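Please read all numbers here as calculations on a predicted model, not as lab measurements. Each residue takes its place number in the sequence, starting with 1.
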Amino acid sequence: MAQVSTMNQAQLQILDMLSFIKTPEALRDLNKVISDYFVQMADAELDRMWNEGTLNEERIESFRHLHERTPYNKPIL
């Protein structure tokens, strides 16, 4: 059975604004603005974590030895 979902106001507004994108350059510029926005959000979150002590040099160094790969299991034939 198909699931019907409705868009929220933000999604509708973005779709409306996309009608102004007429060239590949405009699309590239929009992608850059959106990417920059998410970079700023990530930087702000990292700064918050650093200031709260959740993130520190020791924690960052522990990432060097982090192995979170999905284990590979050979199929049994």
Transitive ILVMFWY side-chain link Met41 to Ile34, under 4.5 Å: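 Same cluster.
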Cluster overlap Val39 with Val33, hydrophobic side-chain contacts below 4.5 Å: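 Shared cluster, no.
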Which distance, rounded to the nearest 0.5 Å, do you find between the [atom1] of [X] and the [atom2] of [Y]?
X     : Y     : atom1 : atom2 : answer
Thr6  : Gln11 : OG1   : CD    : 8.5 Å
Gln40 : Ser35 : CD    : OG    : 11.5 Å
Leu27 : Leu18 : CG    : CG    : 8.5 Å
Ser19 : Ile14 : OG    : CD1   : 12.5 Å

Residue pairs fulfilling salt bridge (charged side-chain N to carboxylate O under 4.0 Å, His left out) with at least one residue in residues 12-26, sequence neighbours excluded: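 Found none.
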Listed once per pair and sorted, the salt bridge (charged side-chain N to carboxylate O under 4.0 Å, His left out) pairs that draw on residues 30-51, sequence neighbours left out: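 Matches after skipping sequence neighbours: Lys32-Asp36, Glu45-Arg48, Arg48-Glu52.
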Co-members of the apolar cluster containing Trp50 [side chain, <4.5 Å]: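 Its cluster partners, ordered by chain and number, are Leu46, Met49, Leu55, Ile60, Phe63, Leu66.
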Enclosure of Glu58 CD (heavy-atom neighbours >12, cutoff 6.0 Å):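 12 or below, so no.
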